[in-house]
Amino acid sequence: MDVTLHLAQQPDADELLGRSPLAALVGMLLDQQVPMEWAFSGPYTIAQRLGADDLDAHEIAAYDPEAFAELLSAKPAVHRYPGSMAKRIQQLCQYLVDQYDGEATAVWEGAANGKDLLKRLNELPGFGKQKAQIFLALLGKQLGVRPAGWREAAGAYGEADAYRSVADITGPESLQKVRTHKQQLKAAAKASGK
C-alpha cells in the first residue's frame, strides 16, 4: 500500500494514510462526530506524539490506557472525544494483534471475496456495517484491494462515479461533491421529518 490519499487534506497526514494500512483503519475509526479532515489527520498526530513515523498495533495495544488517553487529549486533541476514542483505538489494535498478528493488511489480504472482506471489516471493534462498507469502498476505489464482488459488498458506497463518502475523495473538488451530497441527504431527511 503506497498511494496518495487526500482525506486529511494535509500532505504529511495523507502520505501516512497512503502507506500505512493501520493509519487508514484508525482514521476510519475516528471518522465520526468530527469533520473528516480532523479524523483522518488523527493517525499522523498520534504517530508524531509517539515519536514514530508509523503506527504499530502491538505498541498501541500495550500502551498504558491512561497515558494513551492523555496522548490523544493533548492540545490540539485528536478527536472531540479523545478519551473514548483512545479506548476504541486500543481495542482495534488489540483485536488486530489477537486475530492478525498486528498486521492490518491481513484483514483484507486473506479475504475470499467482497462479502468475506465486509464480514472481516464488520468484526473490527468500532466498525459497524456502514463504516465497514465505506472502508471496503475505499480499499477498492483507491487502494487497489478488489476481491471478487467488492463493489456489491460495499453497497451504494461501491458505486462508480459516486460521491457518497471518503472512498470517493481524491482532492478538494471531490471533497466538495461529497459534502454537497451529504448536505442534500440531511435536507431530505429534515424535510421528511426524520
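Side chains included, hydrogens not; waters and symmetry mates left out as well; all remaining heavy atoms used.
For the pair Glu37 and Arg179, the salt-bridge criterion is met [side-chain N within less than 4.0 Å of a carboxylate O]. Under a 4.0 Å N-O distance rule, the pair Lys177/Asp168 does not qualify as a salt bridge. By the 4.0 Å N-to-carboxylate-O rule, Glu159 lies close enough to Arg164 to be salt-bridged with it.
Looking only at atom types and distance, the side chain of Ser20 has a donor-acceptor partner in the side chain of Asp54 under 3.5 Å away. For Gln10 and Asp14, the side-chain atoms include no donor-acceptor pair closer than 3.5 Å.
Using a 30° and 60° split on the angle between ring planes, Phe68 and Tyr63 fall in the perpendicular class, above 60°.
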Determine, stepwise, if the pair Leu138 / Leu7 fulfils side-chain contact (heavy atoms from CB on, under 4.5 Å). CA-CA 11 Å; Leu138 178 65; Leu7 305 178; 4.2 Å; yes
side-chain contact (heavy atoms from CB on, under 4.5 Å) evaluation trace for Val26 with Leu92: CA-CA 8 Å; Val26 169; Leu92 172 64; 4.3 Å; yes
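Atoms OG and CE, on Ser165 and Met28 in that order, are 7.0 Å from each other to the nearest 0.5 Å. Here Gln90 contributes atom CD and Ile60 contributes atom CD1; the two are 8.0 Å apart, rounded to the nearest 0.5 Å. With rounding to the nearest 0.5 Å, the separation of CD in Glu15 from CG in Leu5 is 10.0 Å. Note that OH of Tyr100 is 11.0 Å distant from OG1 of Thr105, once rounded to the nearest 0.5 Å. Here the CG atom belonging to Leu175 is positioned 5.0 Å from the CD1 atom belonging to Ile169, to the nearest 0.5 angstrom. The CG atom of Leu29 sits 7.0 Å away from the CZ atom of Arg88 when rounded to the nearest 0.5 Å.
Within 6.0 Å of CZ in Arg120 there are more than 12 heavy atoms belonging to other residues, nucleotides or ligands. For Glu123, the CD atom is densely surrounded, since the number of other residues' heavy atoms within 6.0 Å is greater than 12.
With hydrogens and angles disregarded, a donor-acceptor distance shorter than 3.5 Å links the side chain of Lys131 to the backbone of Asp31. At distances below 3.5 Å, at least one donor-acceptor pair connects side-chain atoms of Asn122 with backbone N or O atoms of Lys129. Between the side chain of Arg80 and the main chain of Gln33, a donor-acceptor pair closer than 3.5 Å is present.
In terms of heavy atoms, Ala148 sits closest to Asn113 at O-CB, 3.3 Å.
Residues Tyr95 and Val97 are members of separate hydrophobic clusters, defined by side-chain heavy-atom contacts under 4.5 angstrom among Ile, Leu, Val, Met, Phe, Trp and Tyr. Met85 and Val34 are assigned to two separate hydrophobic clusters, defined by single-linkage of ILVMFWY side chains at heavy-atom distances under 4.5 Å.
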